[in-house]
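Working notes, structure below.
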Amino acid sequence: MTITSPHLGSSSAWTDARLLYALEEVVEKELNRHLTVAKDWMPHEYVPWTDARNFPGFFEDGQAWGKEQSKVTEIGRIALVVNLLTEDNLPSYHHEIASLFGRDGAWGTWVHRWTAEEGRHGIVMRDYLLASRAVDPDKLEQFRMSHMSEGFESDNRHSMLHSVAYVAFQELATRISHRNTGHQSGDPVCDRMLARIATDENLHMVFYRNLLKAAFELAPDLTMQAVRDVVVDFRMPGHGIPGFERAAAQMAIGEVYNLRIHHDDVLQPVLRHLKVLEIDGLGPEGLKAQEELGLFMGGLNEEASKFDEKLAARKARMAARAGA
């Protein structure tokens, strides 16, 4: 597949301001498409309110939380907390993209619509966790205060192209994390709620993926470099959550999100859909970025295979102990 720029010939001519202007029409088209397929839904309809009880504090009949009250699995509790704390930082995410994409025109309309849709996710997850007593509410609030007090700064705030590339992958990563958390939760109510959230995340991914495709058509070399940088240095937005590394390791073992999932279900689908590694007609910098991206993906696949082997060996050991 050959991509050439129909507007500006030199990569150096593309500033963030020019790219924002050049992509405005695409954003408007994708926004209109998104509004035709996105379905409004009510967060309160997914919450098991009849399970709710008062907590200690102002209520004399308040009952303290205990792990035995939770219907979800241990890995479900861990992943739910990580996923909710990630959603909690929506004010910071909104600030980041509004500062980068602007608040006017189609870009601004999308920024506000995206924020409104994302807001539902934190609402329904917290209501579910508290009503069902799935996790320790005191620790959840302590973690929220600590995480949000630190704020959030995107690794890609220096570049509009890098930011578009990042969210194309990150929205899919979030969808996969929510979906797998539901599968591993052990609670059908939780699974159904997270499936609803995952549907939103997938639509957001499609919006940004289509925008990234248009960016490749406008500025293929710069876009290729942005994709290379984002893929190589990718971090989930919740990396600043207290205890994130330990929780991420547990989620990897629990098959909520790990190297194999990241490679097969997040990076590869976007790269394959856009045929990123097949694009030709690139300049020297774009070609270099494409080659480095291909090499990185090969190396990541090898690392994922090593992880697969370790995980399989761990499962075998646990099965042997259970049968002993």
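Heavy atoms only: backbone and side chains are in, while hydrogens, waters and symmetry mates are out. We're numbering straight along the sequence, starting at 1.
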Qualifying residues under side chain to side chain contact (heavy atoms under 4.5 Å, CB included), relative to K315, sequence neighbours excluded: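 Partners of K315 under the side chain to side chain contact (heavy atoms under 4.5 Å, CB included) test: E255, L311.
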Parallel, tilted or perpendicular, as decided by the 30° and 60° cut-offs, for the rings of H34 and W110: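 Ring orientation of W110 relative to H34: perpendicular.
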Please report the interatomic distance [atom1]([X]) to [atom2]([Y]), rounded to the nearest 0.5 Å.
X: N54; Y: Q63; atom1: CG; atom2: CD; result: 10.0 Å
X: I176; Y: M205; atom1: CD1; atom2: CE; result: 8.5 Å
X: L20; Y: W14; atom1: CG; atom2: CH2; result: 10.5 Å
X: H178; Y: C190; atom1: NE2; atom2: SG; result: 10.5 Å

Out of L85, T86, V82, which one pairs with F244 under the side-chain contact (heavy atoms from CB on, under 4.5 Å) rule?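 Exactly one candidate clears the test, V82.
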[atom1] of [X]: more than 12 outside heavy atoms within 6.0 angstrom?
X: R272; atom1: CZ; value: yes
X: E245; atom1: CD; value: no
X: Y21; atom1: OH; value: no
X: E28; atom1: CD; value: no
X: Q268; atom1: CD; value: yes

Keeping [X] on the side-chain end and [Y] on the backbone end, is there a donor-acceptor pair under 3.5 Å?
X: S70; Y: G66; result: no
X: Q225; Y: D221; result: yes
X: R77; Y: V72; result: yes
X: T36; Y: R33; result: yes

Option from F307, Y257, F169 for which ring pair (Phe, Tyr, Trp, His ring centres under 6.0 Å) with H262 holds: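 The option that passes is Y257.
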Among N156, D229, T223, which residue satisfies the side-chain hydrogen bond (donor to acceptor under 3.5 Å, both in side chains) criterion with H162?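 Output: one option passes, namely D229.
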Go through it in stages, so that I can follow the logic: the residues are D40 and R113, the test is salt bridge (charged side-chain N to carboxylate O under 4.0 Å, His left out), and I'd like the CA-CA distance, side-chain angles, deciding distance and then a yes or no. CA-CA 12 Å; D40 279 340; R113 174 70 190 198; 3.6 Å; yes
Quick one: which residue pairs count as a side-chain hydrogen bond (donor to acceptor under 3.5 Å, both in side chains) with a foot in residues 90-109, not counting sequence neighbours?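 Sorted pair list: H94-T115.
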Are the aromatic ring centres of W41 and Y46 under 6.0 angstrom apart?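 Yes: the rings meet the under 6.0 Å criterion.
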N-O pairing of R260 and D308 below 4.0 Å: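 Salt bridge between R260 and D308, a charged N being under 4.0 Å from a carboxylate O: yes.
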Taking NZ, NE, NH1 and NH2 as the nitrogens, is one of them in D51 or K71 under 4.0 Å from a carboxylate oxygen of the other?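 So D51 pairs with K71 through a salt bridge.
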